[in-house]
Amino acid sequence: MPRCTPLFALLFAALTSTTASANVPRTPTSPSQPPSDAAMDASHAAYAQQWDTAIEQSRSGNTLAALIAMERLMDSPLLADFDAERRGRAAQFAGWTAAMQKQPVLARRYLQQALLALPGDASILTTLVSLDLNDDQPAAALEHLTQALARADSPLAIDHHTVSYLQYHLREQPAQRMALLQALFDNGWKIAGTEPTGLWLDLATLQADNGRGDAIPATLARIDTPAELIRLRSDKRFDRYVDRHDARFDPVKAAQAHLDTLRVSGLLDGDLDARLVDFSSTLLMLDRNEEVLALTDDLAEAVAQGQAPSAAKAEWLAWLLNSRVAALRRLGRTDEVLETAKLAARIGTLGPDGLEHQMNVAFVLSSLGKTQEAGAAMAKLSDLSGYGQAAQAVIQFAAARQRGDAAAAAAARAVIVAQRKDARLFHREMLLEEGDLDGAAGVLIEQLRSPLERSDALASLQDMRVYPSLPGDVRIDAAWRELKQRADVQAEVSRVGRIERYDLVGSATSR
């Protein structure tokens, strides 16, 4: 669920990939201090060497010592003898180091100095984005990111969690959200080398809703993944642009083509990144579950033996193990499902998505019919967003009802109702758990009428291949199937979209 993720590790990599050395030219340009003698050259050489030492200290993690040195170096009159590029990079590195030392005021001062030397520099603006987010200033982060995207001469290295957070922050501001996505689109931004087709679908939807139909064909040209094509086909907002009889918009063919593309891109060269997760997800969609297990066998065994990846790899490994959970569940190996979900949660704590994986353990327990254990697992989680609180409460609601605890059920219900605007999915699931089909239908119809939620609602209603429900899901899955067939739901679907049959398996395996 959306939350602010620090960018400092990412920005450190970006900074260290550029020429950060502070070596000054042998012929300083400051008119006030002309290089009249050897002593002058020697002083500049020593000053430059001090910068190199401080930068190396910062790179190696000794940011306290580095900042002490950089403060003195930034105050030196010799800084004016650097050319603009070196002045800017020195101030940028000093700003980044100050931010690492949790001195945001000093960091911002140095970064503003960097921008004075290098106006509009994309790398400096990107560093400011991280500072803005850590200062809880999303509006400033959005402004600096949009400027950086416009000025960058290549795809910008921005963490996808940052984009997700800003998207969430702008969920009620469609014009600003569309501008951010358009800037990312124009910049050619990708997630670990893969097109973020889900975001481009969001962009196309915003364009359709805000009078930018002229831009939609270019946006759709970069959407070729099966899940997004299903959403395009199901939504009448795109009927002018999507020929459902064209092979280009055939989700099954697209899934196979996507696998081939990922292979050609070097997916199976052993690198653990977003492409491998995308590959496993597409295999699941094509119901090639044994291949998902073969892909993840060695990784799962290594994790089970106590091996742990770097933080950068942990994010992707945890989601790969999550794909393994789905494959094991479909193949009937339910005794391994929970164990693997717990492995994913353990690895997930090393990356930015730890809460999601801990919640997944609770949802797996619930599906397996271990309702009280699921509630206990959820109760351990804290510092949740409103959406997260609703997810937690829906599990606790079911557990309370099962043990006949009316007070606990009422308390959980109150949480879900309070968060229903931002968490209609869990509000609907709670009503299905209660057996209130009228109420659940009302929420589903609200989702179909919402420009923001329609795409996901239509996707959940498509006729996909399904597997038998797990013990804890039998009753609620049956209620969902009954909900889909209601006349009022079908009427709203017909007004805004359509339901089609696909020889693919959706993410909700038993629905």
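For W200, the ring-ring contact (aromatic ring centres under 6.0 Å, His included) partners are F185, not counting sequence neighbours. Here A479 pairs with L432, L437 under the side chain to side chain contact (heavy atoms under 4.5 Å, CB included) rule; sequence neighbours left out. For R486, the salt bridge (Lys or Arg N to Asp or Glu O under 4.0 Å) partners are D438, D488, not counting sequence neighbours. By the salt bridge (Lys or Arg N to Asp or Glu O under 4.0 Å) test, D477 is found to be paired with R511, residues two or more places apart in sequence or in another chain being considered. Taking E492 as the reference, R449, R495 meet the salt bridge (Lys or Arg N to Asp or Glu O under 4.0 Å) condition, with sequence neighbours excluded. Every residue two or more places apart in sequence or in another chain was checked for a ring-ring contact (aromatic ring centres under 6.0 Å, His included) with H169, and none qualifies. Under the side chain to side chain donor-acceptor pair (under 3.5 Å) criterion, D297 pairs with R324, not counting sequence neighbours. Here D503 pairs with R465 under the salt bridge (Lys or Arg N to Asp or Glu O under 4.0 Å) rule; sequence neighbours left out.
Applying the ring pair (Phe, Tyr, Trp, His ring centres under 6.0 Å) test to every pair with at least one member in residues 417-449, sequence neighbours left out, gives these pairs: Y387-F426. Pairs of residues two or more places apart, or lying in two chains, never qualify as ring pair (Phe, Tyr, Trp, His ring centres under 6.0 Å) while including a residue from residues 483-511. Each salt bridge (Lys or Arg N to Asp or Glu O under 4.0 Å) pair with one or both residues in residues 172-182, not counting sequence neighbours, appears once here: R177-D202. Residue pairs meeting the ring pair (Phe, Tyr, Trp, His ring centres under 6.0 Å) criterion with at least one member in residues 337-380, sequence neighbours excluded: W319-H357.
Rounding to the nearest 0.5 Å places OG of S130 at 11.5 Å from CG of D159.
Using modelled atom types, one finds a donor on one side chain and an acceptor on the other under 3.5 Å when comparing S367 with D473. Remark: the Q447 side chain and the R428 side chain contain an N/O donor-acceptor pair separated by less than 3.5 Å.
At a threshold of 4.5 Å between non-hydrogen side-chain atoms, the residues Q490 and I499 count as touching.
Side-chain atoms of Q207 never come within 3.5 Å of backbone atoms of G213 as a donor-acceptor pair (strictly under, hydrogens ignored). Not a single donor-acceptor pair under 3.5 Å links the side chain of S366 to the backbone N or O of A362.
Put simply, the residue from V417, I416, V415 that forms a side-chain contact (heavy atoms from CB on, under 4.5 Å) with R413 is V417.
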